Every structure is written in structure tokens, then in C-alpha cells.
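One structure is given here, and the rest of the page talks about it.
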Amino acid sequence: MPIELVLGDITEQRVDAVVNAANSSLLGGGGVDGAIHRAGGPEILAACRELRAERHPDGLPTGQAVATTAGRLPARWVVHTVGPVHSAREDRSGLLASCYRESLRVAAELGARTIAFPAVSAGVYGWPMDDAARIAVGTVRATPNELDEIRFVLFDPGAYAAFERAAAG
Ligand code: ADP
């Protein structure tokens, strides 16, 4: 399974599909979401509004994924997925795994050959980075797919190191 780790900005990746750590409104937010909408331009938000109107009036449920245009990004598509907010009381790791599985499924449906993921839920949604990395790498490895490359794009050296440990373990 060709997994690559990159320290960098997901909006700059030359891949077929970049994954957005969206929120269920699909109408933008901070972190990766804000960066993708800023760099990709208003076409992405327009497509998200359409999805809300036509397919997800109540928002995209946690653990699911949907695709839009990537607007001005180098990528062709943005796959929006909604990670779970981390909870100390409840194990939500199944929902985080679902984000990766569903994103891979949507990317395959589109015909994508290459995909880039951020560390879903590991920012504002509070997931401890090592745990998020273990779930991300473990799920991607366990999901049959025919992609040529799955890239994790980590925004800071701490996140990169956590994904390196997860990939080695
Ligand atoms: P969530 O709400 O799912 O936690 P965030 O966007 O807040 O999502 O954060 C997810 C991870 O993405 C964090 O580790 C954050 O540092 C990182 N991140 C933020 N901006 C970018 C970017 N432009 N490219 C790649 N990763 C980013």
C-alpha cells in the first residue's frame, strides 16, 4: 500500500482528490476547512450549498464523505468528511475510521488515482495526535483500494512525527 507522509499544506497538493476535515454544515470553518475554501475560491462553497440543498438538508453526518469541485486548487476534487469531536467519555474511533473509509470510497467512485488526507479531527475537534494517526494509518491500510498513492499531509512536525510512528508501528 503506497502511503506517503508529507509535511506541508494540503491546499498545495497535486493529487486528484484532497480531503477536507469539514464540519457537518459544509459551509466552511477554521483549520483545513478554512484553508481549502480560501485557496480554492467560491466555487467550492457554491457546490457545498448545492449539496446541502439537494442531498443533505440537515448537514453531512459525522463519518460520511461527499465530493465537490476543487475550484482553483491543483486537485480535481475536494472530498469533504466530518470527523467526530473527541470525547474522553465515549469511544468515537469507529466514526473517525469511517471518515477515512468513506473518503476512499468516494474518491474511487470519482476515478481518483491519488488522494491527500489531513489529520482529520486532530485540530479543533481535539483528537490526540498519536491516536488520530494510528486510526488514520490503520484504517487506510485495512481498506482495500486501487489508488496509486495515499498521502497524509501533516501541518506541523509534531503531527508528522506521530504519523511516522503510526506508519512504523
Ligand atoms: P478538525 O476540526 O477535524 O479537528 P482542523 O482543520 O481543526 O480539523 O485540524 C485538523 C488537522 O489539520 C490539524 O492537525 C491542523 O493542524 C491541520 N491543518 C490545519 N491547516 C492545514 C492545512 N492547510 N494543511 C494541512 N493540515 C492542516
Side-chain angles (χ1 to χ4, degrees), residues 3-45 48 56 59-104 106-107 112 114-140 149-167:
I3 288 180
E4 297 280 336
L5 305 184
V6 170
L7 180 62
D9 183 334
I10 198 155
T11 65
E12 296 172 2
Q13 304 301 308
R14 295 193 175 276
V15 286
D16 295 331
V18 295
V19 176
N20 181 18
N23 58 55
S24 102
S25 81
L26 295 177
L27 302 179
V32 177
D33 203 4
I36 283 178
H37 283 284
R38 265 194 309 280
E43 230 189 308
I44 301 176
L45 188 56
C48 284
H56 297 288
L60 183 67
T62 305
Q64 295 192 19
V66 288
T68 66
T69 171
R72 295 193 296 255
L73 296 180
R76 288 178 70 186
W77 301 288
V78 175
V79 175
H80 306 263
T81 191
V82 182
V85 175
H86 184 261
S87 164
R89 281 170 283 110
E90 186 186 18
D91 180 8
R92 297 179 180 164
S93 53
L95 285 167
L96 186 53
S98 172
C99 288
Y100 288 96
R101 266 197 310 273
E102 287 299 299
S103 296
L104 291 172
V106 167
T114 54
I115 188 169
F117 283 100
V120 177
S121 288
V124 173
Y125 282 3
W127 217 284
M129 190 57 81
D130 275 301
D131 204 29
R134 224 167 334 102
I135 293 165
V137 171
T139 304
V140 161
E149 187 190 325
I150 298 174
R151 192 179 297 176
F152 290 104
V153 182
L154 295 323
F155 209 43
D156 61 78
Y160 186 89
F163 273 72
E164 265 190 328
R165 286 190 290 275

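These numbers were taken from a predicted model, which means no experiment stands behind them. For ligands, and for the atoms within them, numbers begin at 1 and follow the listed sequence.
The protein non-hydrogen atom at the shortest distance from atom 23 (N) of ligand 1 is Asp9 OD1, 2.9 Å. Scanning all protein heavy atoms for the shortest distance to atom 9 (O) of ligand 1 gives Gly123 CA, 3.3 Å. Annotation: atom 8 (O) of ligand 1 to nearest protein heavy atom, Ala21 CB, 3.7 Å. The shortest contact between atom 26 (N) of ligand 1 and any protein heavy atom is with Phe155 CB, 3.5 Å. Summary of contacts: the protein heavy atom closest to atom 3 (O) of ligand 1 is Ser121 N, 2.9 Å. Regarding atom 7 (O) of ligand 1, its nearest protein heavy-atom neighbour is Val124 N, 2.9 Å. Nearest protein neighbour of atom 24 (N) of ligand 1, counting heavy atoms only, is Ile10 N, 2.9 Å. Protein heavy atom in closest approach to atom 18 (N) of ligand 1: Val32 CG2, 3.5 Å.
Side-chain contact between Val19 and Pro118 is present, with at least one heavy-atom pair separated by less than 4.5 Å. For the pair Arg151 and Thr114, the minimum side-chain heavy-atom distance is 4.5 Å or more.
Near Ala119, with a cut-off below 4.0 Å to any heavy atom, the atoms of ligand 1 are 10 (C), 11 (C).
By the 3.5 Å distance cut-off applied to N or O atoms, Val120 is not counted among the residues near ligand 1.
Within the 4.0 Å heavy-atom shell around ligand 1 one finds Ala122.
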